[in-house]
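Here is how names work: the chains are called A, B, and so on, in the same order as the sequence lines, proteins then strands, and each is numbered from 1.
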Amino acid sequence: MPELPEVETVRRGLEPVLAGRTLVDVRISDSRLTRPHDPLAVAMRLCGNRIVAVDRRGKYLIVRFESGGALVIHLRMTGSLRSAPDGSLPDDTHRRAVVTLDNGSAVAYRDVRRFGTWDLFEPGAVEQYLDDRLGPEPLSGRFTTAVFARALARRRAPIKSVILDQKTVAGVGNIYADEALWRAKIHPLREAAALTDVEVATLRRTIRAALQRGVELQGSTLRDYALPDGEYGGMQNEFKAYGREGEPCARCRTPIEKIKVGGRGTWYCPRCQRSPREAV
DNA sequence: AGGTGGACCCGAACGC
DNA sequence: TGCGTTCGGGTCCACC
């Protein structure tokens, strides 16, 4: 599941491939990808644009054009991008789009579950769109303890749900939420506003540490995620909580438990991360 | 307004 | 073995 580290890894792989190149051919074979817009119309508008940069904000990829416009790609759960330096791509039933560049190379978009999106923006429009949806970048200096504390204040929802809210902090998904809470020794069901100042500071630090480690290991490959060159991430080998039901906690050997929080599978250590009642 | 739960997808895993 | 059912995950949206 692409979260911040996975999307950042994709960005780093794509930037050198795309920057400075012009789109000479764009084929979109899934109408869900661009809806409510006609995929043919989007493909036509993309064609001829010269790419100047590939940026990331939260889990969004931003392909910026010389024109000032931008293509915003969200991979959701199963989207992935694959670059083909010589322009040749193996058959793939889940391929949804292919762009060809002016040097003969190609980039293919694959998405098994078809939740991903490609949205085109006019010059200047993309920042507003992203700022409407996203809080601070967790690895930037803007994500301070004071900013984080303000975002948690008066929130009565479980802390896990609040850090999954992209307005609280951009880019945390189900995996890194569980990993950050495990590192901070905070139970996922704790009421967000009830965290102590020390806990807020600790959780800010562990969110950053978990995401940073994910970036270093080029993300986590579980099923569908892969780098643009086809390689795999390594973060899955360092999971302390996510998906580890019944396995011993890396700190105290207590078996990891699985619960539901806000409808999401949630793994935590029942001993290190005390329950809401015990923790008072 | 903030919180909750369903919809959207579809392959994998599971249950009988 | 085979078939039906359940699960999951990011975001949006309806509802309270």
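Computed from coordinates, the Leu75(A) CG to dC10(B) P distance equals 17 Å when rounded to whole Å. Protein atom CD of Glu191(A) is 14 Å distant from nucleotide atom P of dG2(B), rounded to whole Å. To the nearest angstrom, C1' of dA12(B) lies 8 Å from CZ of Arg113(A). Protein atom CG of Asp92(A) is 14 Å distant from nucleotide atom P of dC10(B), rounded to whole Å. Atom-to-atom, CG of Asp30(A) to C1' of dC9(B) comes out at 10 Å; the value is rounded to the nearest Å. To the nearest angstrom, C1' of dA7(B) lies 8 Å from CZ of Phe115(A). Whole-Å rounding puts the Asp111(A) CG to dC9(B) C1' distance at 9 Å.
For Thr196(A), the side chain to side chain contact (heavy atoms under 4.5 Å, CB included) partners at least two apart in sequence or on another chain are Val198(A), Glu199(A). Applying the side chain to side chain contact (heavy atoms under 4.5 Å, CB included) rule to Arg76(A) yields the partners His74(A), Phe115(A), Thr117(A); only residues at least two apart in sequence or on another chain are considered. With sequence neighbours left out, Arg64(A) forms a salt bridge (charged side-chain N to carboxylate O under 4.0 Å, His left out) with Asp55(A), Glu127(A). Here Asp197(A) pairs with nothing under the salt bridge (charged side-chain N to carboxylate O under 4.0 Å, His left out) rule; sequence neighbours left out. Applying the side chain to side chain contact (heavy atoms under 4.5 Å, CB included) criterion to Arg11(A), with sequence neighbours excluded, gives Glu8(A), Glu15(A), Val54(A), Arg56(A), Leu61(A).
In summary, contact between chain A and DNA chain C, defined as any nucleotide atom under 4.0 Å from a heavy atom of the protein, begins and ends at dG8(C) to dC12(C) in the 5' to 3' direction.
For the pair Arg244(A) and Tyr242(A), the cation-pi test (distance below 6.0 Å, angle within 45°) is failed.
Shown for residues 257-266 of chain A: residues whose heavy atoms fall under 4.0 angstrom of DNA chain C, namely Lys258(A), Lys260(A), Arg264(A), Gly265(A). Of all the residues in residues 160-174 of chain A, Gln166(A), Gly173(A), Asn174(A) reach under 4.0 Å from DNA chain C with at least one non-hydrogen atom.
Tyr242(A) comes within 4.0 angstrom of the backbone, heavy atoms only, and of no base.
For dG3(B), one of the phosphate oxygens OP1 or OP2 lies less than 4.0 angstrom from a side-chain nitrogen or oxygen of Arg155(A). For dC10(B), neither phosphate oxygen OP1 nor OP2 lies less than 4.0 angstrom from any side-chain nitrogen or oxygen of Arg96(A).
Among the candidates Thr206(A), Ile207(A), Leu203(A), the single residue satisfying the side chain to side chain contact (heavy atoms under 4.5 Å, CB included) test with Arg183(A) is Thr206(A).
Among residue pairs with one or both ends in residues 28-40 of chain A, those qualifying as side chain to side chain donor-acceptor pair (under 3.5 Å) are Asp30(A)-Arg114(A); sequence neighbours excluded. Within the structure, the ring-ring contact (aromatic ring centres under 6.0 Å, His included) test picks out the following pairs touching residues 154-205 of chain A (sequence neighbours left out): His187(A)-Tyr268(A).
The terminal axes of the helix from dG2(B)-dC16(C) to dC16(B)-dG2(C), fitted over 5 pairs per end, subtend an angle of 60° to the nearest 10°.
Checked against the 6.0 Å centroid criterion, the rings of Tyr109(A) and Trp118(A) qualify as a close aromatic pair.
For Glu245(A) and Lys258(A), the salt-bridge test fails: no basic side-chain N is under 4.0 Å from an acidic carboxylate O.
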Extract all donor-acceptor atom pairs below 3.5 Å that involve side chains of residues 139-147 of chain A and protein atoms in other chains or at least two apart in sequence.
residue: Ser140(A); atom: OG; partner: Glu137(A); partner atom: O; Å: 2.9
residue: Ser140(A); atom: OG; partner: Arg142(A); partner atom: N; Å: 3.1
residue: Thr144(A); atom: OG1; partner: Val147(A); partner atom: N; Å: 3.0

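A tilted orientation is assigned to the rings of Tyr129(A) and Phe121(A), their planes being inclined by 30° to 60°.
Note on Tyr60(A): it does not cluster hydrophobically with Leu71(A), by side-chain heavy-atom contacts below 4.5 Å among ILVMFWY residues.
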